[in-house]
Amino acid sequence: MPELPEVEVTRRRIEPALVGRTVRGLRTTAPSYFFLTPPGVLRRRIAGRTVERLDRHGKYLIAGLDDGARLMLHLGMTGQLFPAGTSSVRLLSATARASLPPEAQPGFRPDAHTHLVFRFKDEGPEVFFRDVRKFGKVLWIAPGADSERLSRLGCDALELTGEHLFAATRRRTVALKNLLMAQAVVAGVGNIYADEALFGARVRPTRRAGKVTRAECERIAREVRRVMLRAIETGGSSISDYVAPDGSDGAYQDERRVYARAGEPCPACGAPVKKIVLGARGTHYCPRCQR
DNA sequence: ACCGCACCCTGAGCGC
DNA sequence: TGCGCTCAGGGTGCGG
């Protein structure tokens, strides 16, 4: 489940394969929930354009094009953005290779879930956007136009301050965790890092947002930034590489302290980690450390 | 204005 | 072994 760190890692990996290159053509799947811009329109708008930059805000990637338009990409739950034939996995057995995600498979061919295939004028590799569940999104934004989706996002989670969080929580009765995951307040925090940051800050996810103190907001903001920077360093928790081919074994997996550890001892005090449902999302915390 | 919940989708994992 | 059910989750939008 890509959150800010996974999107940032994706951005850094895909940037060299996109920026400075001119699109010869775009292939798409049929119209669906995935396409905020209809695929036919998208193909016409993108053909011939050169990608000038690739930015990120929260969980959104935004490609700047040479005609002033922008292409917005969201990975949703299962989105994968990767260049063809990126990696060499010769060291792994055939069985291990077969279990690799497509981005690590040298011979990957676009399948029914590959909704975008960028082909370029140069001889370099194609770039694929694959998304099995279609919770991802693609949107073409006209030159000079605003996107309501982007303009209503709050500050990027890496820039979150205690002051901003404190102001946003006043007079709010929602559970703190739900507010932390509201993209209009802070952009980039998802389920995993919300649980991890709140554990680090020792604040219970169910607390009414309005009851959270100034000092706690400072701790939470610091933990959000710290946890996300650390996850970027370790390559994110669902972005795979050759050493840890299985998404669930991503590097950050080893650093999780509460997420998906229900019943296991809290790393700080040993009490069993509790799992509840909050805002229809699995929520994990230590009942002793987090008050 | 705010809050809670249904919905979009499909593979994994489980029980029978 | 195989079928069918349930669950997971980001973000939007609706009804209360």
Side-chain angles (χ1 to χ4, degrees), chain A residues 1-8 10 29-39 56-62 72-81 98-102 111-116 129-139 147-154 156-157 167-197 205-212 224 228 231 236-240 245-250 252-253 256 258-262 275-284:
Chain A
M1 56 211 74
E3 302 182 28
L4 184 151
E6 291 77 25
V7 177
E8 177 60 20
T10 299
T29 50
S32 74
Y33 194 72
F34 174 85
F35 291 97
L36 294 178
T37 301
R56 181 194 58 74
H57 188 83
K59 304 177 194 176
Y60 287 89
L61 290 173
I62 304 129
M72 188 203 84
L73 303 169
H74 192 288
L75 300 177
M77 285 288 300
T78 51
Q80 302 168 304
L81 186 63
S99 71
L100 287 175
D111 58 8
H113 304 304
T114 308
H115 304 298
L116 300 178
F129 190 153
R130 183 171 184 266
D131 184 9
V132 170
R133 290 195 188 164
K134 292 189 217 172
F135 279 17
K137 295 279 176 285
V138 58
L139 171 70
S147 155
E148 203 177 312
R149 239 171 218 271
L150 292 180
S151 56
R152 65 176 167 230
L153 290 177
D156 191 78
T169 50
R170 291 312 86 189
R171 296 172 178 275
R172 298 292 298 271
T173 60
V174 268
L176 172 62
K177 182 190 175 186
N178 293 349
L179 186 129
L180 208 50
M181 287 176 63
Q183 302 300 298
V185 174
V186 196
V189 181
N191 205 33
I192 298 177
Y193 298 106
D195 282 3
E196 292 298 312
T206 51
R207 281 269 295 283
R208 300 259 171 181
K211 304 276 188 186
V212 178
V224 165
M228 294 214 157
S237 41
S238 60
I239 294 296
S240 328
D246 182 341
S248 63
D249 287 342
Y252 193 79
Q253 184 87 353
R256 283 176 305 116
V258 287
Y259 184 80
R261 290 201 188 278
K275 178 177 181 181
I276 59 169
V277 175
L278 201 53
R281 301 291 178 263
T283 299
H284 314 75

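Atom set for the values below is all heavy atoms of this structure, side chains included, hydrogens, waters and symmetry mates excluded. The chains referred to below are lettered A, B, ... by the order of the sequence lines, with proteins before strands, and numbering in each begins at 1.
Phe35(A) meets the side-chain contact (heavy atoms from CB on, under 4.5 Å) test with Thr28(A), Thr29(A), Ser32(A), Pro39(A), Leu42(A), His115(A), Leu116(A), Val138(A); sequence neighbours excluded. With sequence neighbours left out, Lys59(A) forms a salt bridge (Lys or Arg N to Asp or Glu O under 4.0 Å) with no residue at all. For Arg207(A), the side-chain hydrogen bond (donor to acceptor under 3.5 Å, both in side chains) partners are Glu216(A), not counting sequence neighbours. Scanning for side-chain hydrogen bond (donor to acceptor under 3.5 Å, both in side chains) contacts around Thr114(A) gives Asp111(A), with sequence neighbours left out. In terms of the side-chain hydrogen bond (donor to acceptor under 3.5 Å, both in side chains) criterion, residue partners of Thr283(A) (sequence neighbours excluded) are, by chain and number, Lys177(A). Evaluation of the side-chain contact (heavy atoms from CB on, under 4.5 Å) rule for Ala209(A) yields Thr169(A), Arg172(A), Val174(A), Leu179(A) as partners, not counting sequence neighbours. With sequence neighbours excluded, no residue forms a side-chain hydrogen bond (donor to acceptor under 3.5 Å, both in side chains) with Arg171(A).
Within 4.0 Å of Tyr60(A), counting heavy atoms only, lie sugar-phosphate atoms of the nucleic acid but no base atom. Using a 4.0 Å heavy-atom cutoff across all strands shown, Gly282(A) reaches sugar-phosphate atoms only and no base atom. Using a 4.0 Å heavy-atom criterion, one finds that Lys59(A) contacts the sugar-phosphate atoms exclusively. The residue Thr173(A) sits close only to the backbone: its heavy atoms come under 4.0 Å of sugar-phosphate atoms, none of a base.
The closest side-chain heavy-atom distance from Tyr193(A) to Glu6(A) is below 4.5 Å. Within the 4.5 Å cutoff, the side chain of Glu3(A) has heavy atoms near those of the Ile192(A) side chain.
Put simply, Tyr193(A) has no side-chain N or O that comes within less than 4.0 Å of OP1 or OP2 on dG10(C).
Rounded to a whole Å, the CG atom of Asp195(A) is 14 Å from the C1' atom of dA8(C). Here the C1' atom of nucleotide dC5(B) and the CE atom of Met181(A) are 14 Å apart, to the nearest Å. We find that CE of Met77(A) is positioned 10 Å from P of dG11(C), with the value rounded to whole Å. Computed from coordinates, the Leu153(A) CG to dT12(C) P distance equals 8 Å when rounded to whole Å. Regarding Leu75(A), its CG atom lies at a distance of 17 Å from the C1' atom of dC8(B), rounded to whole Å. Spacing between atom CD1 of Ile192(A) and atom P of dA8(C) amounts to 14 Å, rounded to whole angstrom units. If you take CZ of Arg172(A) and P of dC3(B), they are 4 Å apart, rounded to a whole angstrom. Atom CE of Met72(A) is separated from atom C1' of dG10(C) by 12 Å (rounded to the nearest Å).
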Between the protein and nucleotides 9-11 of chain B, which nitrogen or oxygen pairs come in under 3.5 angstrom?
| residue | atom | partner | partner atom | Å |
| --- | --- | --- | --- | --- |
| dC9(B) | O4' | Arg133(A) | O | 3.4 |
| dT10(B) | O2 | Arg133(A) | NE | 2.9 |
| dT10(B) | O2 | Arg133(A) | NH2 | 3.4 |
| dG11(B) | OP1 | His113(A) | NE2 | 3.4 |

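Listed nucleotides: dG10(C), dC3(B), dG13(C). Nearest to the side chain of Arg152(A): dG13(C).
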Practice task
Give the intermediate values and the outcome of side-chain contact (heavy atoms from CB on, under 4.5 Å) for residues Met72(A) and Leu61(A).
Solution key: CA-CA 6 Å; Met72(A) 188 203 84; Leu61(A) 290 173; over 6 Å; no

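Side-chain atoms of Arg149(A) stay outside donor-acceptor range of the base of dG11(C), with no qualifying N/O pair under 3.5 Å.
When the nearest nucleotides of DNA chain B are assigned to Leu179(A) and Arg281(A) by heavy-atom distance, the more 5′-ward of the two goes with Leu179(A).
Taken over five-pair windows at either terminus, the axes of the helix from dC2(B)-dG16(C) to dC16(B)-dG2(C) are inclined to one another by 50° (rounded to 10 degrees).
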